[in-house]
Each structure stands twice: as C-alpha cells, then as structure tokens.
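Let me begin by presenting the structure, written as structure tokens, before commenting on it.
Throughout, numbering of the chain's residues begins at 1 and tracks the sequence.
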Amino acid sequence: QPPTADRDGLLLVDLSARAWAAIEYSYPDGDARRDWSGHYGLALDVFATELYQRYELSLLDASGERWVAIMSVDEGHTTAQVPFRAFKKAPSGHLPGADENRRLDLEDISSLQLGTAPLKSVFLGIAEIRLSNAREEADEAVASEEWVRLTGSLDGQGIPISPELLGIN
C-alpha cells in the first residue's frame, strides 16, 4: 500500500508483500552533495507493531554501489542506531555501470531504502531518519578465564553404563 501520514506526522508504511518490498528516498539530481562522512551512522525514530522485526536499510552511493545493513527494532516507539560500519556491500542491486570500488562513499549518498524481509507483512511508522554521532553502548568486560574449584565424592551411586555403549562418542 502507498505510505500515508498520521496525525502525529509519522510516515505509515504497510509492507504487505509476497516478495521484497521497500520505501526509497532518492535525492534529486543537481541537489547539493550529501556528505555524510562527518557522522557515525543513522538514527531512525520508528514505531513497529512486532517485536524484533528485522528491516533492511540500504544506501546507494554516488559510485552506484548498494550497501545494506540489517536492523531489528522493538515493538512500539523506539530509536534504532545504525552505524555506517554495519553496512556491507550488497551482492546485487548495483546500478548498471557502477564503479565497484568496494568502499562506501559517504561523501555523496544518492538514495536510502528501508525494506523488510521477503514473505513477511509488517507495519512500520517512520517518524524521522537522521544522521547521528551516537555510539553503541560498550559491552561489559568479561574475564577470558576464571578458576573454579569443584568438589565431590566418588562414593555415591553412579549411572550404570552398558558395555555395548563403551567406545561410542
């Protein structure tokens, strides 16, 4: 269905498809350069109707290469942070004659797409997509080794093992 806007200004998208479906914003030719190189990633303020629904965020750079990042969002209103380093070169979807330099050219982005996995009907409300310098939260440090002392007794009754099973791993 075509996107609509609700009273709160959300772009409401019903991605009911039997194949891959997406919304796309392509910057008009002749527009000023879209230099995103001074930013860490994108922030998306969204409303989702399903918990942990996966979305595919896609960028097309000026060289014609397509770059894809997978994001999942919680049910309800949430802000998803997608760092540019999460984008991987897509195996297909490049423009004909693309200069495949294998580098996400953040100095000139030509389009942005937001889609869903095939064969999945979802509803998504998009409030805002913006450039962001927010970083992901750092994981807590975890010890690589930890000594544990085990105690016990061999006096108790063990589990009888059939002789036929010996040697089978």
Item to complete: Establish whether Val82 and Ile129 are linked, either directly or via other cluster members, by ILVMFWY side-chain heavy-atom contacts under 4.5 Å.
Response: yes
Does the [X] side chain pair with the main chain of [Y], one donor and one acceptor, at a distance under 3.5 Å?
| X | Y | value |
| --- | --- | --- |
| Asp61 | Gly64 | yes |
| Asp45 | Thr79 | no |
| Ser37 | Leu106 | no |

Item to complete: Compare every heavy atom of Asp105 with every heavy atom of Ile109, then report the nearest pair and how far apart it is.
Response: CD1-O, 3.6 Å
Item to complete: Give the minimum heavy-atom separation between Ala69 and Ala86, together with the two atoms involved.
Response: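 So the two residues come closest at CB-O, 3.8 Å.
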Contact check, side chains of [X] and [Y], non-hydrogen atoms, under 4.5 Å:
| X | Y | answer |
| --- | --- | --- |
| Leu44 | Leu57 | yes |
| His39 | Phe84 | yes |
| Arg130 | Leu42 | no |
| Val73 | Phe47 | no |
| Val46 | Tyr55 | no |

Spacing of [atom1] belonging to [X] relative to [atom2] belonging to [Y], to within rounding of 0.5 Å:
| X | Y | atom1 | atom2 | value |
| --- | --- | --- | --- | --- |
| Leu59 | Leu104 | CG | CG | 6.0 Å |
| Lys88 | Trp67 | NZ | CH2 | 9.0 Å |
| Leu131 | Tyr40 | CG | OH | 14.5 Å |
| Glu107 | Ser63 | CD | OG | 10.0 Å |
| Glu56 | Leu114 | CD | CG | 9.0 Å |
| Ser110 | Arg66 | OG | CZ | 8.0 Å |

